[in-house]
Amino acid sequence: MTDTARIADHDIHPLFINRWSPRAFTGETIPENELFRLFEAARWAPSANNSQPWRFIYARRNEGRWTYLLSLLNPGNQVWAENASALVVLVSRTHHQRPGESETSPLRTHALDAGAAWASLAFQAELSGWRTHAIGGFNRTAAPGVLGIPDGYSVDIVIAIGRQTDATTLSPELQAREKPNARKPLTELVAEGRFAFD
Ligand SMILES: Cc1cc2nc3c(=O)[nH]c(=O)nc-3n(C[C@H](O)[C@H](O)[C@H](O)COP(=O)(O)O)c2cc1C
């Protein structure tokens, strides 16, 4: 990694700074076993009470319900995500019925837990030679109907998965953004003992 935007101040595994979210994808087919390897990594994420609230709804490019998943994305995301090899909608269970209780109760940490699963999937993808790009810009109103998601679930993100290709395949506007970005310094993010931030 030579980009100056990505120099770690502490000694960490390169995986953490090598993962980034490109938009230029080859559109090649992702074998199902490769895709399931990523779900397998996500499956082992930690969650509150081991509730595992994450659910994954996927389509591989130009197969099955691919066009339905793609159509949920905002136009600005569709334009590049149409060349991903797979789209994965990450859904998390917001409520559950505890044993012995008749009413459902909220799973307060569902989005946090789903975030851990997304990170695991993204890092396994990186290790397997695939790239991921999370997408929050999609039609959240239409998604439950299009995907048959019942009440009690939150549609959190869509994840584009693909093999990266040359940035010149993108519009000039997106080409300009096609590079790893930086991070805030730890001094702005970490405090000992008491909140000490702006
Ligand atoms: C929850 C979430 C929603 C995002 N939504 C979009 C999106 O709608 N469109 C997009 O191009 N990128 C989206 N991104 C990508 C972020 O902009 C990107 O992860 C961030 O700038 C950090 O860059 P990196 O992933 O390359 O390290 C999203 C990322 C996350 C985690």
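We count ligands from 1, going down the list as the structure has it; atoms in each ligand are counted the same way.
At most 12 heavy atoms of other shown residues, nucleotides or ligands fall within 6.0 angstrom of atom CZ in R108. Other residues, nucleotides and ligands place more than 12 heavy atoms under 6.0 Å from the CD atom of E101. Other residues, nucleotides and ligands place no more than 12 heavy atoms under 6.0 Å from the CG atom of D151.
Using a 3.5 Å distance cut-off with no hydrogens or angles, the side chains of N83 and R61 do pair a donor with an acceptor. There is no side-chain donor-acceptor pair under 3.5 Å between N49 and S51. R183 and N181 share a side-chain donor-acceptor pair at under 3.5 Å.
The residues R43 and E40 are annotated as salt-bridged, a charged nitrogen and a carboxylate oxygen being separated by less than 4.0 angstrom.
Residue contact annotation: R183 has a non-hydrogen atom under 4.0 Å from ligand 1.
The shortest N or O to N or O distance between W118 and ligand 1 is not under 3.5 Å. Considering backbone and side-chain atoms together, A134 places an N or O closer than 3.5 Å to an N or O of ligand 1. Checking only distances, R177 never comes within under 3.5 Å of ligand 1, N or O to N or O. For ligand 1, the polar-atom distance check finds an N/O of S21 within less than 3.5 Å of one of the ligand's N/O atoms.
Heavy atoms of W80 found under 4.0 angstrom from ligand 1 belong exclusively to the side chain. Counting heavy atoms under 4.0 Å from ligand 1, residue N181 touches it through the side chain alone.
Put simply, atom 28 (C) of ligand 1 has protein non-hydrogen atoms near it, under 4.0 Å away. Counting protein heavy atoms under 4.0 angstrom from atom 17 (O) of ligand 1 gives zero.
By the salt bridge (charged side-chain N to carboxylate O under 4.0 Å, His left out) test, R131 is found to be paired with E126, residues two or more places apart in sequence or in another chain being considered.
When each atom of ligand 1 is checked for a heavy atom of R6 under 4.0 Å away, the hits are 24 (P), 26 (O), 27 (O). With ligand atoms numbered from 1 in the order given, ligand 1 contributes 10 (C), 11 (O), 12 (N) to contacts under 4.0 Å with heavy atoms of R23. Within the listing of ligand 1, atoms 26 (O) sit less than 4.0 angstrom from a heavy atom of W20. Under a 4.0 Å criterion applied to the non-hydrogen atoms of I157, ligand 1 contributes the atoms 1 (C). The atoms of ligand 1 that sit less than 4.0 Å from any heavy atom of N77 are 7 (C), 8 (O), 9 (N), 10 (C), 11 (O). For ligand 1, the atoms lying closer than 4.0 Å to a non-hydrogen atom of G137 are 8 (O).
Here the heavy atom of the protein found nearest to atom 12 (N) of ligand 1 is H133 NE2, 2.8 Å. Closest to atom 3 (C) of ligand 1 among all protein heavy atoms lies G136 N, 3.3 Å.
A donor-acceptor pair is defined here as one N or O able to donate and one able to accept, closer than 3.5 Å; such a pair exists between the side chain of N77 and the backbone of G137.
The aromatic ring centroids of H110 and W54 lie 6.0 Å or more from each other.
Between Y58 and F36, the ring-plane angle classifies as perpendicular under the 30° and 60° cut-offs.
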